[in-house]
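First the proteins, then the strands, lettered A, B, ... as listed; each starts at 1.
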Amino acid sequence: MAPVTDTIRIRIDRKEFPALGTREANLVLNGLDITIEPRSFVVLTGPSGCGKSTLLNIVAGLDPDYDGEITLGDAVKRTAFIFQTPRLLPWRTVHDNLLLSLPDGDPRTAGIAPLLERVGMTEAAGAYPERLSLGMQRRVALVRGFVQEPDLLLMDEPFVSLDDPTAQELRQVLIDLWNRVRATVIFVTHDRTEAVMLGTRILRLGRGSATVLQDAEVRLTRDERLEPDIVRAEVKRIFGDT
Amino acid sequence: MARASMLTSSIAKDSKASIGGRVMSNRLVWPLLSLGVLVGLWEIAALAADYAGRSRTLPGPGDVASTMLREYQSGALTTHVMATLGRVAISFPIAMLIGAAIGIFLGRVKTADRFFDSWLIFFLNLPALVIIILCYVWLGLTETAAILAVAINKIPNVAVMVREGARSLSRDLSEMASVYNFGFWKTLRHVTLPQLAPFLIAAARGGLAIVWKIVLVVELLGRSNGVGYQLNVGFQLFDVAMILAYAIAFIMVVQLIEIAILQPIEARVNRWRR
């Protein structure tokens, strides 16, 4: 039996953005309490402005200004964050961007080349990010996350604003990489189909107080996730017709 | 097969070289033409001055060139230009370093910026001459006072420019650096400084032009060598040819620094841009 401390618990009693200029104070998260099993792929979905990204920033430690407690458990030693935009350093090559994400001389450096090969980016290793398409930049960001060999991987709509085929391809790359690493993933998206394709568990958040409206398990095998009809049926089962 | 491809590649290289050559000559034609016209106008003005019986007030390009050659052969030109260049070489990096540090600090810390903003405006508007005189009064007519005076004149300028850059640093990238544990030095070198590079280069460009002009004033007021000192001698002797000879010699040196040092640095820093 796994020790209890391995579960991740996110308890946010209150998170408010203070009033600034003409903008009123905004209470984004209030009384949220989520428990996440290790090695599960949790998808957070909900309307814009319901605090999904804020939640990820808090878990990543980027936003210390909240009331509550984040318990990552003993199993989480390394966290990686794949952002909504690739956030690569434009003045460093793809390879240098990946090298810089690890401490100097870290043994994980050896993982860069195989991962680049896996996402089909070996040729672009020496290129500067702004000379690559958005899809390719997102691949690099994906590699930067996975090369950390993370125990917890946070992803904030990493495939948004890509055309359908590219997004679909990257989702398959993600499933493939995740199946080898089995990190715990918290993945934010608006896209219900994407949620069902990727997640083992879907949490639907409501606006404002950010209560969990729905907590559903996705019951699909790895192969079924690639069948559009089966995915569509599962989307309907979980989200209904709304 | 291999020979054929070698052949095409050498043809490609040749055509590239000739295109490169044409671009090069095009790049040189305009500056040479415009400088030629300027020298021509100068010659005409000098002839007119000569005709009016006042050739001493405006010597022609030929006179200035021969004065320059004479000063060069006597070794005086090299000595004084090197003295001035030495002062620029010491005070310029000091001003850049301190100015950039202040600029980054004020750009990042809002409270400090609010407090020190008026100080910065005060020093920006303090005339160079006042700073120079005060430095000489307080520290004596020494080399330290001279270099300090030049640096103090330039620091507020650099600070204001770099502050602008530091205010607009990308929050996205600093969050990325924090998630991937970059630490202070790695963040400074790979995240912060590259974002500030355009501002630093602009400050260096403007800085070089200002610093050497201030160095001349500093030398004129309280040093016994350097281009500024020689200009003073020329002024005392009413020797306009000597004044122009030293001025043009130094302009050429500064242009050389711009082309040989600043432009390559800029090209290197910008190589990632599309």
Side-chain angles (χ1 to χ4, degrees), chain A residues 20 53-54 56-64 77-106 108-109 126-134 137 140-141 143-150 152-156 158, chain B residues 96 100 103-104 107-111 113-114 117 161-162 164-205 261-274:
Chain A
L20 190 72
S53 299
T54 311
L56 281 194
N57 283 337
I58 289 175
V59 175
L62 291 175
D63 186 347
K77 300 209 169 41
R78 291 196 281 250
T79 306
F81 198 147
I82 299 173
F83 302 92
Q84 209 176 83
T85 50
R87 299 201 193 182
L88 303 168
L89 299 171
W91 38 82
R92 296 287 181 266
T93 61
V94 165
H95 188 256
D96 285 350
N97 262 283
L98 297 170
L99 264 186
L100 284 168
S101 73
L102 295 166
D104 289 341
D106 193 279
R108 284 171 287 170
T109 309
Y128 289 102
E130 291 197 349
R131 300 185 195 219
L132 303 174
S133 68
L134 182 62
Q137 292 182 36
V140 179
V143 169
R144 185 173 61 190
F146 275 96
V147 83
Q148 310 297 318
E149 300 174 12
L152 175 63
L153 182 56
L154 307 169
M155 303 177 87
D156 188 1
Chain B
M96 286 299 294
I104 294 175
R108 298 316 293 159
V109 186
K110 274 212 175 92
T111 342
D113 189 30
R114 278 199 202 106
D117 191 46
M161 277 173 140
V162 174
E164 221 46 62
R167 276 177 181 160
S168 57
L169 284 179
S170 157
R171 197 174 150 178
D172 279 7
L173 289 181
S174 58
E175 281 183 354
M176 186 279 293
S178 139
V179 163
Y180 291 108
N181 300 314
F182 273 35
F184 179 80
W185 290 111
K186 212 159 150 183
T187 307
L188 183 69
R189 181 168 161 210
H190 299 286
V191 184
T192 311
L193 286 182
Q195 290 182 75
L196 293 179
F199 298 88
L200 288 169
I201 287 172
R205 275 255 170 81
I261 300 176
L262 287 183
Q263 283 182 6
I265 290 178
E266 188 176 15
R268 195 185 139 73
V269 164
N270 283 334
R271 71 194 186 282
W272 57 273
R273 287 182 200 277
R274 294 203 301 150

Honestly, the part of A/L154 sitting under 4.5 Å from a heavy atom of chain B is neither
Under 4.5 Å to a heavy atom of chain B? For A/Q84 that would be neither
Taking every heavy atom of A/Y128 against every heavy atom of B/R271, the minimum-distance pair comes out as OH-NE, 3.0 Å
Ordered numerically, the heavy-atom neighbours of chain B under 4.5 Å found in residues 91-100 of chain A are A/W91, A/R92, A/L100
From the list B/D172, B/V269, B/V191, B/L173, the residue making the most non-hydrogen contacts under 4.5 Å with chain A is B/D172
Chain B shares the most heavy-atom pairs under 4.5 Å, among A/R87, A/Q148, A/R144, with A/R87
So CG of A/D104 and NZ of B/K186: to nearest 0.5 Å the spacing works out to 5.5 Å
One option among A/P90, A/A60, A/A80, A/S101 has the most heavy-atom pairs under 4.5 Å with chain B, and it is A/P90
Sorted by chain and residue number, the salt bridge (charged side-chain N to carboxylate O under 4.0 Å, His left out) partners of B/R108 (sequence neighbours excluded) come out as none
Under 4.5 Å to a heavy atom of chain B? For A/P129 that would be neither
Whatever's closer than 4.5 Å to a heavy atom in chain B on A/R78 counts as neither
- Query: Are the side chains of B/V179 and A/L62 in touch, meaning some heavy atoms are under 4.5 Å apart?
  - Reply: yes
**Asked** For the side chain of B/Y180 and the backbone of A/F81, is there at least one donor-acceptor N/O pair under 3.5 Å apart?
**Response** yes
